[in-house]
Amino acid sequence: DNSAPKATSLVINATEDTCIPLPSLTTSDLVTDYDNTGFSRGQALTARLTSLPKCAPSGATGCGGVYTDSACSAQVASAAALSSLDPATLYYKPSADAFSYYNTTDATTTADGVLATIDWSVSDGAGGSDTAQVLLRISAVNDAPVALQVNTSAYMNIAHEITVAGTDVDGEDASEPIKQCTMRITRLPSLGTLNALQPGGGYGAALSVNDVVPNITVAYKSQTFADT
């Protein structure tokens with residue numbers, strides 16, 4: 001009688017926004033087949049991925065893709081297309097900025113940090129088969145914040161409030177994308193002053209270079225120009 005192969009799930013560690021190669025799934029640490037080890041029948045084992053990446057633990061789609069090139073630019077479009085592809089020639093990449101505030105699908109992981117799973121199967125060509133999973137444990141990487149230019153206008157010698165603008169995909173939520181960032185003054189205006197806004201209203205002391213911008217808003221007041 002034919003003895004079916006036994007497949008073992010494996011964990012792959014990777015980092016966010018990184019394209020990683022998938023391993024061969026027919027090695028002896030992942031598949032055992034008594035027909036080969038006990039009877040030496042020399043059955044050829046074939047492993048194939050049977051699903052696209054699924055979010056853990058929900059099972060929803062959208063937690064990365066499988067690709068046929070090392071640059072992760074040629075994405076496999078469907079699970080059916082995987083049936084003719086050797087897993088050892090494929091690559092996985094998480095969705096862009098998987099742990100950002102707006103990517104709510106990817107942000108969830110299992111207790112041991114698994115972000116996504118891929119189902120796979122192995123067959124011995126004689127009717128025996130088994131299934132297991134590739135468990136993808138992804139570590140987040142820090143994305144640098146982006147400061148945005150703010151253009152505004154003001155009247156002479158009248159305080160004008162300016163809100164500093166920027167984005168950070170690692171922030172807490174989309175409504176306050178720079179909530180966790182520290183904003184600092186790096187250069188003062190040549191014709192006027194910057195003042196901090198007080199929490200209860202009104203303007204505080206003049207700001208200097210490297211001062212933290214409180215409440216993400218400052219007050220600019222131009223100098224007085226005499227008529228000529």
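Scope of the values below: all heavy atoms of this structure, side chains included, with no hydrogens, waters or symmetry mates.
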Requested in this report: Would you check if the side chain of Arg137 reaches a backbone N or O of Val114 as a donor-acceptor pair within less than 3.5 Å?
Outcome: no
Requested in this report: From the options Leu207, Thr193, Asp211, select the one residue that forms a side-chain contact (heavy atoms from CB on, under 4.5 Å) with Val218.
Outcome: Leu207
Query raised in the report: Measuring from Leu82:CG to Leu90:CG, what's the distance to the nearest 0.5 Å?
Result: 6.5 Å
Query - side-chain contact (heavy atoms from CB on, under 4.5 Å) between Asn13 and Val11, worked out - result: CA-CA 7 Å; Asn13 296 303; Val11 176; 4.2 Å; yes
Query raised in the report: Side-chain contact, heavy-atom cut-off 4.5 Å: Glu161 with Leu197?
Result: yes
Report summary line: Nearest heavy-atom contact between Pro23 and Leu10 is CG-CD1, 3.8 Å
Query raised in the report: Short question: side chain of Asp69, backbone of Ala74 - any donor-acceptor pair under 3.5 Å?
Result: yes
**Report entry** Cluster link Leu85 to Trp120, ILVMFWY, side chain under 4.5 Å
**Finding:** yes
**Report entry** Close side-chain approach of Tyr34 to Thr32, heavy-atom, < 4.5 Å
**Finding:** no
Query raised in the report: Going by heavy atoms in the side chains, are Ile20 and Ile12 under 4.5 Å from each other?
Result: yes
Query raised in the report: For Pro53 and Tyr92, which heavy atoms make the closest approach, and how far apart are they?
Result: CG-CE1, 3.6 Å
Query raised in the report: How many angstroms lie between atom CD1 of Ile138 and atom NZ of Lys93, to the nearest 0.5 angstrom?
Result: 12.0 Å
Report summary line: Between the CG atom in Asp29 and the OG1 atom in Thr8, the distance rounded to the nearest 0.5 Å is 8.0 Å
**Report entry** Heavy-atom pair of closest approach, residues Arg187 and Val209
**Finding:** CA-CG2, 4.4 Å
Report task. Check whether the side chains of Thr27 and Ser24 place a donor and an acceptor atom closer than 3.5 Å, and report yes or no. Result -> no
Query raised in the report: Just by modelled atom types, is the Gln133 backbone N or O under 3.5 Å from a matching donor or acceptor in the Ser9 side chain?
Result: yes
Query raised in the report: Taking the side chain from Ser95 and the backbone from Gly62, do they hold a donor-acceptor pair closer than 3.5 Å?
Result: yes
Query raised in the report: Which heavy-atom pair separates Ser70 from Cys19 by the least distance, and what is that distance?
Result: O-SG, 3.3 Å
Query - Heavy-atom check, side chain of Leu136 versus side chain of Ile118, under 4.5 Å - result: yes
Query raised in the report: OG of Ser208 to CD1 of Ile185: how many Å apart, nearest 0.5 Å?
Result: 9.5 Å
Sequence neighbours excluded and cut-off under 3.5 Å, please list the side-chain donor-acceptor pairs for residues 44-51, or say none.
from	atom 1	to	atom 2	distance (Å)
Arg48	NE	Ser83	O	3.0
Thr50	OG1	Asp119	O	3.3
Ser51	OG	Asp119	N	2.9

Query raised in the report: With a 4.5 Å heavy-atom cut-off, do Glu16 and Asp97 have their side chains touching?
Result: yes
**Report entry** Over all atoms of both residues, closest heavy-atom pair of Ser129 and Pro5
**Finding:** N-CD, 3.8 Å
Query raised in the report: Do Leu22 and Tyr91 come within less than 4.5 Å of each other through their side chains, counting heavy atoms only?
Result: no
Report task. Measure the shortest side-chain to side-chain distance between Val134 and Thr117 over non-hydrogen atoms and say whether it is less than 4.5 angstrom. Result -> no
Requested in this report: Following the transitive rule for hydrophobic clusters with a side-chain heavy-atom cut-off under 4.5 Å over Ile, Leu, Val, Met, Phe, Trp and Tyr, establish whether Ile158 and Leu194 coincide in one cluster.
Outcome: no
Report task. Decide side-chain contact (heavy atoms from CB on, under 4.5 Å) for Gln149 and Asn151; before the verdict, give the C-alpha distance in whole Å, the side-chain angles of both, and the deciding distance to 0.1 Å. Result -> CA-CA 7 Å; Gln149 179 174 309; Asn151 296 315; 2.9 Å; yes
Query raised in the report: Between the side chain of Asp17 and the main-chain N/O of Ala96, is any donor-acceptor distance below 3.5 Å?
Result: no
Query raised in the report: Taking all non-hydrogen atoms of both residues, which atom of Ala116 and which atom of Cys63 are closest, and how far apart?
Result: CB-O, 3.7 Å
Requested in this report: Determine whether Leu115 and Cys55 make a side-chain contact, defined as any pair of heavy atoms from C-beta on separated by less than 4.5 Å.
Outcome: no
